[in-house]
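Remarks on the structure that follows.
Because only heavy atoms are used, hydrogens play no part in the values below, and waters and symmetry mates are left out as well, while side chains stay in.
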Amino acid sequence: SSAGEYVIAVATTNCEPRSLWAYNLRTRSLRLIQSGNKLPFKHSRVSEAREFAATSTDGSKVPIFLFSPPPGVPQASALVVFMPFTFSQVRRGYEIQPQLLTNLGFYYAGVNYRGVDGYGSVYSGKRDVEKATDDVYQAIRLLAAQVAYDTNRIFLVSQSNGSSVLCRFL
């Protein structure tokens, strides 16, 4: 504003259309001026990851990050298993895909199968599609013992060359 009380901005968190916002510098409050949607989004809750480690049939430890539906969100009793591309990994921090799916009621498991980055060159050098498929399978088995989801409702999702692991399940 001309008096220096407000900052007016067009903004988005990359999961909704851009909206027009006013930020009051004095009170440090944010106010929606014009929504980019015809209907505003409901506020979602953050799902924090729990870390697990599955043991593959050859004894390899496979890191898993499990995001559960936040309290108050009706559960879909289904598990979405995500397999990242080789030069990436699922992390504990905020990522839009697990947050969106958990707020829709799904459990979301990011399986960092052997060959992904982020766990050192020895782990990333173990890239083997067949063994990575076993890693994911063992992760699903471990989570079935930890979480109450319908084992007939498992959805596999991959990214880039993670699809080679996904295709082994078909």
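- Nearest heavy atoms, A22 versus I8: CB-CD1, 3.6 Å.
- Looking at heavy atoms from C-beta onward, W21 lies out of side-chain contact with I33 at the 4.5 angstrom threshold.
- For the pair R114 and R127, the minimum side-chain heavy-atom distance is 4.5 Å or more.
- Atom OH in Y107 sits 10.0 Å away from atom OG in S47 (nearest 0.5 Å).
- T57 places none of its side-chain heavy atoms less than 4.5 Å from the side chain of Y137.
- When side chains are defined from C-beta on, V62 does not count as touching T55, because their heavy atoms never get closer than 4.5 Å.
- Annotation: side chain of E48 is not in contact with side chain of P70 (no heavy-atom distance under 4.5 Å).
- For the pair R28/Y23, a side-chain contact is recorded, criterion being any heavy-atom separation below 4.5 Å from C-beta on.
- Counting only heavy atoms from C-beta outward, the side chains of E5 and L25 never approach each other to under 4.5 Å.
- To the nearest 0.5 Å, the span separating CG on L100 from OG1 on T102 amounts to 8.0 Å.
- A donor-acceptor contact shorter than 3.5 Å is absent between the side chain of S60 and the backbone of S56.
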Side chains of residues 145-157: which donor-acceptor pairs under 3.5 Å do they make with residues two or more places apart or in other chains?
{"unit_1": "Y149", "atom_1": "OH", "unit_2": "I140", "atom_2": "O", "d": "3.2"}
{"unit_1": "D150", "atom_1": "OD1", "unit_2": "N152", "atom_2": "N", "d": "2.9"}
{"unit_1": "R153", "atom_1": "NH1", "unit_2": "A76", "atom_2": "O", "d": "2.4"}

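- In this view, N24 and Y6, R26, T27, S29 satisfy the side chain to side chain contact (heavy atoms under 4.5 Å, CB included) rule, not counting sequence neighbours.
- Heavy atoms from other residues, nucleotides or ligands lying under 6.0 Å from CD of E51 number more than 12.
- A heavy-atom distance below 4.5 Å is not found between the side chains of F67 and Q97.
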Check your understanding: Do F52 and L143 pass the side chain to side chain contact (heavy atoms under 4.5 Å, CB included) test, and can you show the C-alpha distance, the side-chain angles, and the key distance before you say yes or no?
Key -> CA-CA 9 Å; F52 294 90; L143 293 173; 4.0 Å; yes

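- Across all their heavy atoms, V46 and Q99 have their closest contact at CA-OE1, 3.4 Å.
- Between L79 atom CG and L66 atom CG the span is 7.5 Å, to the nearest 0.5 Å.
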